[in-house]
Amino acid sequence: MAEIKKGPQVGIVMGSDSDMPVMAKAADILEELGISCEMRIISAHREPDVFYEYARTAEEKGFKVIIAGAGMAAHLPGMCAAIFPMPVIGIPMHTSSLGGRDSLYSIVQMPSGIPVATVAINGGANAGLLAAKILATSDPELLERLKGYSAKLKEQVMAKDARLQEKGYREY
């Protein structure tokens, strides 16, 4: 695990604790790469005043990126992007009614001038990696850690293929 810098660089916010398993994947990636984060549960719909204060003060806290997860109407990422002047990454949550397509469409269909980078439905790990890549544009040490992370992924795939070649698909 890399050494974590002081103060959160990434804000992670979700509207419900049911989103925690997905959002934790983003936090785990950030921690592995030595990026500090702050995680909150804030409902844009049920406590708009608390949400507004969170997004309004995120820059003052030193956040460089916000990762926002939301399901159904999924307004949290877009509202973060409307208030926070730096990158926002939206994670659409899988929903029981529409399988997360409702969340996905709500996040990616932002009006002109209010972009939200969006990862796959339940794509917590990729949101963490995208935040790291954004931060790495101005942090050469982080860029090297990202390259190491990618090399580790390659080694994992190569080991799986070696096992397949050794055992064959029936015994794999």
Side-chain angles (χ1 to χ4, degrees), residues 8-33 35-59 61 63-137 142 146 149-150 152-154 156-157 160-161 169 172:
Q9 294 177 280
V10 178
I12 298 177
V13 63
M14 66 202 92
S16 170
D17 62 350
S18 63
D19 302 334
M20 185 66 71
V22 172
M23 303 309 283
K25 291 176 184 176
D28 290 344
I29 292 288
L30 294 171
E31 182 180 337
E32 181 177 344
L33 292 168
I35 300 167
S36 58
C37 65
E38 174 188 288
M39 187 180 288
R40 301 283 308 272
I41 299 170
I42 302 172
S43 172
H45 296 112
R46 294 181 190 97
E47 49 184 5
D49 54 336
V50 174
F51 164 75
Y52 178 79
E53 188 64 16
Y54 170 82
R56 188 188 65 74
T57 61
E59 182 182 6
K61 291 180 187 176
F63 293 179
K64 303 295 183 212
V65 180
I66 290 178
I67 298 172
M72 300 170 70
H75 290 118
L76 195 60
M79 289 304 297
C80 282
I83 299 166
F84 181 64
M86 288 183 264
V88 174
I89 301 167
I91 304 175
M93 294 295 159
H94 184 273
T95 59
S96 57
S97 56
L98 296 173
R101 288 183 305 282
D102 47 348
S103 314
L104 175 65
Y105 295 154
S106 291
I107 296 171
V108 299
Q109 293 292 31
M110 291 300 297
S112 181
I114 313 293
V116 174
T118 308
V119 295
I121 295 168
N122 284 356
N126 273 352
L129 285 166
L130 182 55
K133 288 182 176 201
I134 291 167
L135 294 171
T137 62
L142 175 56
L146 274 166
Y149 181 88
S150 293
K152 184 176 73 171
L153 293 179
K154 179 181 177 180
Q156 290 171 350
V157 173
K160 290 175 185 179
D161 181 57
Y169 76 92
Y172 185 86

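Other residues, nucleotides and ligands contribute more than 12 heavy atoms inside 6.0 Å of the NZ atom of K61. More than 12 non-hydrogen atoms from other residues, nucleotides or ligands lie less than 6.0 angstrom from OH of Y172.
The backbone N or O of G15 lies less than 3.5 Å from no partner atom in the side chain of S43, so there is not a single donor-acceptor pair. Panel note: side chain S106, backbone A73; a donor-acceptor pair is recorded below 3.5 Å. Of the possible polar contacts, none joining the E31 side chain to the A27 backbone as a donor-acceptor pair under 3.5 Å is found. Using a distance-only test at 3.5 Å, with no hydrogens or angles considered, a donor-acceptor pair links the side chain of T95 to the main chain of G100. Counting only distance, with no hydrogens or angles, the side chain of S103 and the backbone of M72 share a donor-acceptor pair below 3.5 Å.
For the residue pair P87 and K64, the shortest heavy atom distance occurs at CD-O, 3.4 Å. Taking both residues in full, the closest heavy atoms of L142 and A132 are given as CD2-O, 3.4 Å, listed atom of the first, atom of the second, then distance. Taking all atoms of both residues into account, the shortest heavy-atom contact from I29 to G128 is CG2-C, 3.8 Å. The nearest pair of heavy atoms linking A70 to L76 is CB-CB, 4.1 Å. Residues H45 and P48 come closest through the heavy atom pair O-CD, 3.8 Å. Across A68 and P77, no two heavy atoms sit closer than the pair O-CG, 3.4 Å.
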Which side-chain N or O atoms in residues 107-125 pair as donor and acceptor under 3.5 Å with protein atoms at least two apart or in another chain?
from: T118; atom 1: OG1; to: V116; atom 2: O; distance (Å): 3.2
from: N122; atom 1: OD1; to: H94; atom 2: N; distance (Å): 3.0

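Put simply, the side chain of I42 reaches to within 4.5 Å of the side chain of E47, judged on heavy atoms. Using a 4.5 Å heavy-atom cutoff, the side chains of M20 and I41 are in contact. A heavy-atom distance below 4.5 Å is not found between the side chains of D19 and I91. Within the 4.5 Å cutoff, side-chain heavy atoms of K152 are placed close to those of E32. Contact check for S36 versus V10: no side-chain heavy atoms found under the 4.5 Å cut-off. Within the 4.5 Å cutoff, no side-chain heavy atoms of Y54 are placed close to those of I83. Side-chain contact between F51 and R46 is absent, with no heavy atoms from C-beta onward closer than 4.5 Å. Annotation: side chain of F63 is not in contact with side chain of M86 (no heavy-atom distance under 4.5 Å).
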Exercise. Should M39 and M14 be marked as a side-chain contact (heavy atoms from CB on, under 4.5 Å) after you check the CA-CA gap, both sets of side-chain angles, and the distance that decides it?
Worked result: CA-CA 8 Å; M39 187 180 288; M14 66 202 92; 3.4 Å; yes
Exercise. How far apart are the C-alpha atoms of Y52 and M79, what are their side-chain angles, what is the distance that settles it, and do they pass the side-chain contact (heavy atoms from CB on, under 4.5 Å) test?
Worked result: CA-CA 9 Å; Y52 178 79; M79 289 304 297; over 6 Å; no
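D28 CG to C37 SG: the interatomic distance, rounded to the nearest 0.5 Å, is 9.0 Å. If you take CD1 on I66 and CD1 on I89, they are separated by 10.5 Å, rounding to the nearest 0.5 Å. Note that the CG atom of D49 and the CD atom of E53 stand 9.0 Å from one another [nearest 0.5 Å]. A distance of 8.0 Å separates CE of M93 from OG of S18, quoted to the nearest 0.5 Å. Distance CG/L98 to OH/Y105: 9.5 Å, rounded to 0.5 Å.
Applying side chain to side chain contact (heavy atoms under 4.5 Å, CB included) to V65 and the options I134, I12, I35, L30 leaves one that passes, I134.
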